[in-house]
Amino acid sequence: MFCHKGGNVIVITGGKGQLGREFIKALNRAEVPYKAFDKSELDISSGEKVLSVIRDIKPDVIINCAAYNQVDRAETEYEMAYKVNVIGVENLAVAAKEVGAFFVHYSSDYVFDGKKEDGLYTEKDTPSPLNEYGKSKLLGEERVKAVLDNYLILRVSWVYGEGKQNFIHKLLSWAERDSYLKVACDEFSVPTYTGVIVDVTLKAIEQGLSGLYHLTNSGFTSRFEWARAVFEILGVDKFIRPVPSSVFSLPAKRPLFSPMSNKKISKELSVSIPYWEESLREFLGCLKG
């Protein structure tokens, strides 16, 4: 378990999102002091507000769980995505630099175009986002690197946990309405549990890790196989038809194959990150329980 060093608190932004809530649970269990803010309490796109709050608290760690992650809406609401994923991230990095706080930020597999032909994406691969959301996340990474020498950027993928802004919640909502579901069979990535992200992030902070890393569960799967696994574990008897993603005519183009390798962070921290199926069973077991 995470051992907090120093007397100051950890600041968490995006405290009401699925990742922020998972951090709050973990820090409460570990009895680590923190202050969590949701958007209504701290809009990170306001540089003045961010500086004021961070100067007041003087945290030794800032964990940014705030993000604009409406992938399709970002195609027409790019200004909003840019305000949160780029300007907001830069504001936090600037504030972290001023008070000497360590800054942790999350990016996405959507910084890649999915056209790699030999294996999983590594930290050495060159990003080339296909959509406006991916572009905003990549720009956010670049702003952090421009402001800070010491930071931790963690790229995550297909994140799920307690909350409604994830594929599992949407899938179960669809299942309540329809008996016949269509799910894309040509999109591949790594379903990644918030519990795993939080656990590994806290280990990384404790061990003084810095730089850019891919943080996902192990293995990878298609969205269709993921949906099938969810129904199998929960005992949901619904028919799912595998279809190409083009059937949905979504505004944002997605990378078809964007699984990232977690080997680098696993090696650095000497940890074994569970396969996606294992974490899925753990999470859904909690839902059932």
Side-chain angles (χ1 to χ4, degrees), residues 8-24 27 34-111 127 129-157 159 161 163-166 194 197-198 201 212 215 251-252:
N8 295 332
V9 298
I10 291 174
V11 161
I12 298 164
T13 59
K16 285 192 175 168
Q18 58 183 358
L19 186 54
R21 291 210 296 247
E22 196 71 43
F23 267 110
I24 287 167
L27 295 175
Y34 68 88
K35 288 194 183 295
F37 298 91
D38 65 23
K39 188 185 175 183
S40 66
E41 298 162 325
L42 178 58
D43 181 351
I44 64 169
S45 67
S46 166
E48 217 173 279
K49 181 71 175 169
V50 168
L51 267 177
S52 170
V53 167
I54 298 303
R55 279 172 179 160
D56 185 50
I57 298 169
K58 294 184 179 64
D60 52 0
V61 180
I62 299 169
I63 301 174
N64 181 32
C65 299
Y68 179 98
N69 53 17
Q70 303 282 347
V71 177
D72 288 312
R73 279 170 53 189
E75 294 297 299
T76 50
E77 294 181 358
Y78 185 67
E79 206 172 289
M80 201 177 292
Y82 186 87
K83 269 176 68 176
V84 179
N85 295 345
V86 185
I87 301 298
V89 172
E90 183 174 39
N91 290 338
L92 288 167
V94 167
K97 187 172 187 177
E98 179 162 320
V99 301
F102 185 65
F103 185 50
V104 180
H105 174 61
Y106 294 94
S107 188
S108 166
D109 60 326
Y110 279 18
V111 301
L130 295 175
N131 55 47
E132 298 302 324
Y133 165 76
K135 289 173 189 173
S136 73
K137 294 302 285 183
L138 181 57
L139 280 170
E141 291 183 15
E142 289 168 355
R143 294 292 172 94
V144 173
K145 293 174 183 176
V147 173
L148 295 167
D149 298 320
N150 194 27
Y151 56 81
L152 185 60
I153 296 172
L154 300 168
R155 290 182 182 144
V156 296
S157 67
V159 178
K164 297 181 178 180
Q165 192 52 46
N166 63 64
T194 51
I197 296 171
V198 167
T201 299
L212 169 69
L215 171 49

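Index from 1, following the sequence. As a basis for the values below, the full set of heavy atoms in this structure was taken, side chains included, without hydrogen atoms, waters or symmetry mates. Everything numeric in this text was worked out from a predicted model, so none of it was measured.
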Quiz item: Which of parallel (below 30°), tilted (30 to 60°) and perpendicular (above 60°) describes Phe23 and Tyr106?
Solution: tilted
Quiz item: Looking at Lys97 and Leu148, what are the two nearest heavy atoms and their distance?
Solution: CB-CD2, 3.6 Å
Exercise. Give a yes or no on whether a salt bridge exists between Glu142 and Lys145, defined as a side-chain N under 4.0 angstrom from a carboxylate O.
Key: no
Quiz item: Mind checking whether Val111 and Arg155 have side chains closer than 4.5 Å, heavy atoms only?
Solution: yes
Quiz item: Could you state the interatomic distance from CG (Asp60) to CD1 (Ile10), rounded to the nearest 0.5 Å?
Solution: 6.5 Å
Quiz item: Looking at Glu77, Lys137, Lys83, which one forms a side chain to side chain donor-acceptor pair (under 3.5 Å) with Tyr68?
Solution: Glu77
Quiz prompt | Candidate list Thr194, Leu27, Thr201, test side chain to side chain contact (heavy atoms under 4.5 Å, CB included), partner Glu22, passing option | solution = Thr194
Practice problem: Enter the distance from Ser45:OG to Leu42:CG here, rounded to the nearest 0.5 Å. | Solution: 9.0 Å
Quiz item: So, the side chain of Ser107 versus the backbone of Leu154: is there a donor-acceptor pair under 3.5 Å, distance only?
Solution: no
Quiz item: Could you state the interatomic distance from CG (Leu19) to CG (Asn166), rounded to the nearest 0.5 Å?
Solution: 12.0 Å
Self-check item: Straight-line distance of Leu130 CG to Lys135 NZ, nearest 0.5 Å
Solution: 9.0 Å
Quiz item: Quick check: does any side chain N or O of Glu132 sit under 3.5 Å from a backbone N or O of Ala74, one acting as donor and the other as acceptor?
Solution: no
Exercise. Would you confirm whether Asn131, through its side chain, and Glu75, through its main-chain N or O, come within 3.5 Å as a donor-acceptor pair?
Key: no
Self-check item: Chi angles and distances behind the side-chain contact (heavy atoms from CB on, under 4.5 Å) call for Asp43, Lys49
Solution: CA-CA 7 Å; Asp43 181 351; Lys49 181 71 175 169; 5.9 Å; no
Quiz item: So which heavy atom on Gly134 is nearest to which on Pro129, and how close?
Solution: C-CB, 3.5 Å
Quiz item: Closest approach of Val89 and Gly140, non-hydrogen atoms and distance?
Solution: CG1-O, 3.7 Å
Quiz prompt | Pairwise distance CG(Asn69) to OH(Tyr110) - rounded to 0.5 angstrom | solution = 11.0 Å
Exercise. Provide the closest heavy-atom pair for Glu41 versus Phe37 in the form atom of the first, atom of the second, distance.
Key: OE1-CA, 3.3 Å
Quiz prompt | Closest approach of Arg21 to Lys16 (non-hydrogen atoms, all atoms of both residues) | solution = NH1-O, 3.1 Å
Practice problem: Mark yes or no for whether Asp72, through its side chain, and Ala252, through its backbone, hold a donor-acceptor pair below 3.5 Å. | Solution: yes
Quiz item: Do Ser136 and Asn85 have side-chain N/O donor and acceptor atoms under 3.5 Å apart?
Solution: yes
Practice problem: Sort out for me which residue in Asn91, Ile87, Val50 forms a side chain to side chain contact (heavy atoms under 4.5 Å, CB included) with Ile44. | Solution: Val50
Quiz prompt | Nearest atoms (heavy-atom pairs only) where Arg55 meets Val99 | solution = CA-CG1, 4.1 Å
Exercise. Would you please classify the geometry between the Tyr78 ring and the Tyr82 ring as parallel, tilted or perpendicular, with 30° and 60° separating the classes?
Key: tilted
Exercise. Output the distance between atom CD1 (Ile12) and atom CG (Asp38), rounded to the nearest 0.5 Å.
Key: 12.0 Å
